> 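First, the structure itself, so that you have it in front of you.
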Amino acid sequence: TYKRYFRTPRRFAQTQPTTTLDEYTLSLEIDVTQALPQPEGAPQRFRRRSLWIGTGTLSGGNSPAFEFTVPAGLFEIVDDYVESGWDLRANVMASRRIGGRVQVAKLFQGGVADWDETSIMFEWENIPHNRRNKALGWLQRVHDSEDLYMDPQL
């Protein structure tokens with residue numbers, strides 16, 4: 001196998017994307033939860049609220065990104081929850097329609113990394129790679145303690 005890939009003058013076909021980013025819809029939701037007081041030994045229960053942000057729009061250019069418009073007044077609502085002791089998590093879901101069915105994937109679920117008066121920064125999360133790709137698996141294991149600029153992240 002090594003000889004076939006590295007010692008032959010033949011060029012192998014490059015993999016090509018099967019679809020474009022504009023065929024996907026990304027949805028963003030903010031989950032706010034609060035732990036409820038429980039008697040000792042009882043399972044922990046939570047109060048949960050879902051704040052729907054909406055779907056993202058794909059920006060063009062050399063570095064395409066999905067941008068979400070936060071509804072007016074939502075930041076103040078989230079700020080009130082946080083000041084009352086609630087925890088925040090962001091959920092990002094991707095979907096696309098193929099024929100008569102919809103494919104759905106959970107892309108991200110993470111907590112708050114930083115907060116200020118005008119914005120909330122959520123934790124970075126590496127997008128999983130194809131486990132059959134041995135080179136990416138090795139790179140992930142060897143450099144797991146470092147932030148690699150080429151790792152796709154949300």
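Every heavy atom of this structure was used, including side-chain atoms; hydrogens, water molecules and symmetry mates were not. Quick caveat, the model's predicted, so the values are computed rather than measured.
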> Roughly how far, to the nearest 0.5 Å, is CZ of Phe108 from CZ of Arg89?
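Going from CZ on Arg89 over to CZ on Phe108, the span is 8.0 Å.
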> Please report the shortest heavy-atom distance between Leu28 and Trp52, naming the atom on each side.
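Looking at all heavy atoms of both residues, the shortest contact is O-CE3, 3.8 Å.
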> Work out which heavy atom in Leu36 is nearest to a heavy atom in Gln44; give both atom names and the distance.
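Shortest heavy-atom separation between Leu36 and Gln44 comes out as O-NE2, 2.8 Å.
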> Determine, using the 4.5 Å side-chain heavy-atom cutoff (strictly less than), whether Phe46 and Trp86 are members of one ILVMFWY cluster.
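No, it is not one cluster - the side chains of Phe46 and Trp86 are not joined through contacts under 4.5 Å.
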> Minimum heavy-atom separation for Val70 to Ile53, with atom names?
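Nearest pair, atom of Val70 first, then Ile53: CA-CG2, 4.3 Å.
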> Does the side chain of Phe68 reach to within under 4.5 Å of the side chain of Leu26, using non-hydrogen atoms?
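Heavy-atom side-chain distance check passes, below 4.5 Å.
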> Within a 6.0 Å radius of atom CZ on Arg45, are there more than 12 heavy atoms belonging to other residues, nucleotides or ligands?
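Atom CZ in Arg45 is not crowded, with 12 or fewer foreign heavy atoms closer than 6.0 Å.
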> Are Asp31 and Ser50 close enough that some pair of their side-chain heavy atoms sits under 4.5 Å apart?
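Yes, side chains in contact.
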> Looking at CD1 of Ile30 and CG of Leu88, how far apart are the two atoms once the value is rounded to the nearest 0.5 Å?
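Here the interatomic distance stands at 6.5 Å.
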> So if you build clusters from Ile, Leu, Val, Met, Phe, Trp, Tyr with side-chain heavy-atom gaps below 4.5 Å, do Val82 and Ile77 land together?
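Val82 and Ile77: one cluster.
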> Check whether any side-chain heavy atom of Ile98 sits under 4.5 Å from a side-chain heavy atom of Gln103, and report yes or no.
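Answer yes - side chains close enough.
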> Restricting to non-hydrogen atoms, name the atom on Gln109 and the atom on Asn91 that form the minimum distance, rounded to 0.1 Å.
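Where Gln109 meets Asn91 most closely, the heavy atoms are CG-OD1, 3.0 Å.
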> Do the side chains of Val104 and Leu58 join up, straight or via other hydrophobic residues, at under 4.5 Å, putting them in one cluster?
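Shared cluster, no.
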